[in-house]
2 protein chains.
Amino acid sequence: MLPLSQTTGYALRAMRCLQEPGGQPVLVESVADYTGIPRSYLSKLVHKLAKKGLVTARRGHHGGVVLAKPSAEITLEDLSEAIDGVAWRKRCLMGLAGCTEETPCVLHDYWKQTLQEILVRLRSVTLADMARHQDPGVERFRADHGFLTTVEAERDHAHA
Amino acid sequence: MLPLSQTTGYALRAMRCLQEPGGQPVLVESVADYTGIPRSYLSKLVHKLAKKGLVTARRGHHGGVVLAKPSAEITLEDLSEAIDGVAWRKRCLMGLAGCTEETPCVLHDYWKQTLQEILVRLRSVTLADMARHQDPGVERFRADHGFLTTVEAERDHAHA
DNA sequence: ATCAATGAGGATCCGTCGGTAATCTAACGA
DNA sequence: TCGTTAGATTACCGACGGATCCTCATTGAT
């Protein structure tokens, strides 16, 4: 189990297709089409994210999904935690049940530190930071839906 | 999928119960009893390790399992590779199919480096190094089967 | 009130991994 | 040669993550 599951990857890509809070809702179907994430699976995923307070979904006419918080306030850790939970952080790297601080396995200290670095990283990267991320499906979606391009976003940011 | 699967952990613990090449064969059943690894499962695991040339198994009277190479020459990477293969090293951390050096995901470079550190570590730790590892079942096994204790092994090593 | 749009949710399928049990077969000793 | 002692092999089970299909429930427009 790598730190991020495939599903968390899905969540990340999907959320990059959503507008900031108050913006126009986006259809699950539309996101699925562009990203290649299976529709039904994405639907459940979105629901999960909604329960965790990361997105807001509304059904019926003109329904869709929007970010529940500014993208700059959503970290990778939020996504990881919402989808994969935190159990993996506590397991011994070798699956040894008796591996504790007192009776550590050979990789215990090493893994403890690596884990710490991973967490720091997950916390430091926000959804907004992902703009620099190259993802064909997502880029096409954003272009087709009038998102600012990475360059424009950078310029706006510089102005502010 | 963490770098090491539970089964690789099993392999590691089991192999710490085996004698150096030429030594007395140990029964799969015995190893299973001490370590708590399911017998049948361990049997298959041992067979896999034998095919990879890490252990030698002989059946029939006075049969059993022995290390095929000195424990100092068996690295964690050998075990990991034998059991889990190398596919996980190549996958994008977020499961993005299109993540390459040219179109990297946000975590690409970070993961690349982390992976490198993990590999260095897996290569640098040998089965012999594991002597310092605390594992109740394994320690009991070694004590009952006349292995040198960690302290004695250290002293021997210092003499040589 | 009704209808169409749209997310929610249940049932189910598939592949992998960990695990069990029964049986087959090689090796040795008497 | 025959029986015992091992590992080898096969079949199968259950859980879990990913994925699909189909139906239900809510919402807004008319």
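Here is how names work: the chains are called A, B, and so on, in the same order as the sequence lines, proteins then strands, and each is numbered from 1.
- In this structure, NZ of A/Lys48 is placed 15 Å from C1' of C/dA8, rounded to the nearest angstrom.
- Partner A/Leu18 forms a side chain to side chain contact (heavy atoms under 4.5 Å, CB included) with one of A/Val55, A/Leu127, A/Val66 and no other, that one being A/Val55.
- Taking atom CG on B/Leu42 and atom C1' on C/dG18, their separation rounds to 13 Å, with Å as the unit.
- No side-chain heavy atom of A/Leu42 sits less than 4.5 Å from a side-chain heavy atom of A/Arg39.
- Put simply, NZ on B/Lys44 is 14 Å from P on C/dA22, counting in whole angstrom units.
- The CD atom of B/Gln24 sits 8.5 Å away from the NE2 atom of B/His62 when rounded to the nearest 0.5 Å.
- Distance check, rounded to the nearest 0.5 Å: CG of B/Leu54 to OG1 of B/Thr75 gives 8.5 Å.
- Rounded to whole angstrom, the span from the OH atom of A/Tyr41 across to the C1' atom of C/dG9 amounts to 15 Å.
- Put simply, CG on B/Asp109 and OG1 on B/Thr114 are 10.5 Å apart, with the number rounded to the nearest 0.5 Å.
- Rounded to a whole Å, the CG atom of B/Leu45 is 15 Å from the C1' atom of C/dT20.
- For the pairing with A/Met15, the side chain to side chain contact (heavy atoms under 4.5 Å, CB included) check across A/Leu49, A/Val46, A/Val138 returns one residue only, A/Leu49.
- Residues A/Leu119 and A/Ile83 share a single hydrophobic cluster, defined by chaining ILVMFWY side chains whose heavy atoms lie under 4.5 Å apart.
- Atom NZ of A/Lys69 is surrounded by more than 12 heavy atoms from other residues, nucleotides or ligands within 6.0 Å.
- The CZ-C1' distance, from A/Arg91 to C/dG18, rounds to 12 Å in whole Å.
- For the pair B/Pro38 and A/Lys51, nearest-nucleotide mapping onto DNA chain C gives the more 5' position to A/Lys51.
- For DNA chain D, the outermost nucleotides in 5' to 3' order that have an atom under 4.0 Å from a heavy atom of chain B are D/dT4 to D/dA11.
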N/O to N/O distances under 3.5 Å, protein versus nucleotides 28-30 of chain C:
from, atom 1, to, atom 2, distance (Å)
C/dC28, O2, B/His61, ND1, 3.4

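- Comparing B/His47 and A/Ser40 by the nucleotide of DNA chain D that holds the closest heavy atom to each, the one mapping nearer the 5' end is B/His47.
- Salt-bridge check for A/Glu139 with A/Arg16: passed, with a basic side-chain N closer than 4.0 Å to an acidic carboxylate O.
- To the nearest angstrom, P of C/dA22 lies 13 Å from CZ of B/Arg39.
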